[in-house]
There are 2 protein chains.
Amino acid sequence: MNFIAIQGEKGSYSEIAAKNYFGKKIKISASYSFKEVFDKVKKRKVSFGLIPIENSIYGSILDSFDLLQKNSIKIVGEINLQISHYLLSNKKYKLTQIKNIYSHPQALAQCSCLLNSLKKIKIVPSYDTAGSAKKLKLEKEDNAAVIASKESAKIYGLKIIKPKIQNNKKNFTRFLVIANKPQISKIKNPKSSISIELKSIPGALFKTLSVFALRDIDLVKIESRPLPDKPFQYLFYIDFIGNLKDLKIKQAINHLKEVSTNIKLYGSYEFGKFITN
Amino acid sequence: MNFIAIQGEKGSYSEIAAKNYFGKKIKISASYSFKEVFDKVKKRKVSFGLIPIENSIYGSILDSFDLLQKNSIKIVGEINLQISHYLLSNKKYKLTQIKNIYSHPQALAQCSCLLNSLKKIKIVPSYDTAGSAKKLKLEKEDNAAVIASKESAKIYGLKIIKPKIQNNKKNFTRFLVIANKPQISKIKNPKSSISIELKSIPGALFKTLSVFALRDIDLVKIESRPLPDKPFQYLFYIDFIGNLKDLKIKQAINHLKEVSTNIKLYGSYEFGKFITN
């Protein structure tokens, strides 16, 4: 049975993503932080880890990118999960009876339209959506609610005060499946992920993108992150279509070495399915 | 006298940046959020606003980028300020006597090496570094400390428990000066900032960068942000060297219109000085 490290508790969006990716018969290793997920994968305490890398509204999850860079970890898969937030409570309160609302800061931000419309409410950030649901159930706080998944309501026996309260219905989070070793992708046009540091030469980024354009390799995403010891210089993460095993891609990587340094190859993997709910 | 909106209280890094940029004879309009700064500039309640846009270790400040895009605001200047964090308290405590430490989440993260070495300490995130200093002084809490600037110690009469506690000494924040109207830059090689939305055509990003490379226009920074209504499609912010008034740059912008949409021009302004302390 696959043993999967995720950040958050049972009922978290990460768990829902993991079950959609691996199937329902998995064992979850709940972790407090993204770093803990990476550590468990590195030390082979789990078979895989699953981390959010990007939200379609908020953008890239920068901690995840930085942890990818710091750890010798491979990407072996991805999945896109539609995020539907529910307002949950111990009793079937009316909205006006709620005084405190707990959730992860991102979930709070994604429901700001509803939250801003409520008066005399205290918003309390917490480390996890499902964790807030678990805590609310345990502590039996009156007139309090949490923002979490529908699954959290089932798991912790909470009532749904209001369903689908996110500002934007087109709210997807992309999760990466990470492992200690690469998996050789046999599918035809997988996604591949790499990171590079640009050399200090004129037009370095243009030359980097030329490496791909000249070979008709399609880019999917490019993300820059700062180099801590070089103020305002950047590392680039690049996702493109192609298999790291293929000759054309190997030639591109060789060409990249002429215009960049510190090239890291994270792996080739199937494009993530979109799970709606 | 210039009236400048900043996020945070007197003694904040934004205030230090504003005084280095405009000189000491300015009036500060303290604001609770970045959005409030933008609102004050738009409604002409202040002459200028000053907002952090990027930290050399943490990376881009995404809220600032998103607010630039949402508001019809111009960029008229920038300044880079070295960030030196100090541990401050009401009394000259020893480190081991401190029980609670308050500060902005970014400041807390930037001092994680020291904080992780301390035992039995409670870390409490707050909305502002200088605001935490002000609150500590007012509430006279014993065995508590804040992480804030040296200037906050002077302004609020706090003792320095430990100076320069940031993990990385090369810690700079870049601030933008924003205004309601553009200022025409007369200097020779200013920085210019624009944002664009890529068209759904093959190699759109490569073609966009070609616009600059073909004209020997140097890029300074490129930052992508998600388009909320188009999951996993992006808007790009681009900083380059050149004046939006110059013919070559006007030709480049015209060329850009062939490969992108929703082009916004934020302005041309002098490269920011680096202020060390």
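Residue numbering restarts at 1 for every chain, and letters A, B, ... go by the order of the sequence lines.
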If you draw a 6.0 Å radius around NZ in B:Lys273, do more than 12 non-hydrogen atoms from other residues or ligands fall strictly inside? no
For B:Lys35, is the NZ atom crowded, meaning more than 12 foreign heavy atoms sit under 6.0 Å from it?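 Counting other residues, nucleotides and ligands, NZ of B:Lys35 stays at 12 neighbours or fewer.
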Describe, in one word, how the ring planes of A:Phe172 and A:Phe274 are oriented to each other, choosing from parallel (under 30°), tilted (30 to 60°) and perpendicular (over 60°).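 Aromatic pair A:Phe172/A:Phe274 classed perpendicular.
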Can you tell which part of A:Leu227 gets under 4.5 Å to a heavy atom of chain B, answering side chain, backbone, both or neither?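 Interface part for A:Leu227: backbone (N, CA, C, O).
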Go through the atoms of A:Ser210 and report whether side chain, backbone, both or neither lie under 4.5 Å from a heavy atom of chain B.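 For A:Ser210, heavy atoms of backbone and side chain both lie under 4.5 Å from chain B.
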Do you know which of A:Arg174, A:Lys170, A:Lys230 has the most heavy-atom pairs under 4.5 Å to chain B?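 That would be A:Lys170.
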Could you check which of [options] has the highest count of heavy-atom pairs closer than 4.5 Å to chain A?
options	answer
B:Leu219, B:Asn168, B:Thr208, B:Ile217	B:Asn168
B:Ser224, B:Ala204, B:Pro226, B:Gly203	B:Pro226
B:Asp216, B:Asn167, B:Asn171, B:Leu205	B:Leu205

Would you mind checking if B:Glu223 and B:Arg225 are paired as a salt bridge, meaning a charged N to carboxylate O distance below 4.0 Å?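 No, B:Arg225 and B:Glu223 are not salt-bridged.
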Chain A heavy atoms under 4.5 Å from B:Phe212: which part of the residue, side chain, backbone, both or neither? neither
Give a yes-or-no answer on whether the side chains of B:Ser195 and B:Tyr266 include a donor-acceptor pair shorter than 3.5 Å.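 B:Ser195 vs B:Tyr266: donor-acceptor pair found between side chains.
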Donor-acceptor list for residues 251-259 of chain A side chains, cut-off 3.5 Å, not counting sequence neighbours:
residue, atom, partner, partner atom, Å
A:His255, ND1, A:Arg215, NH1, 3.0
A:His255, ND1, A:Arg215, NH2, 3.3

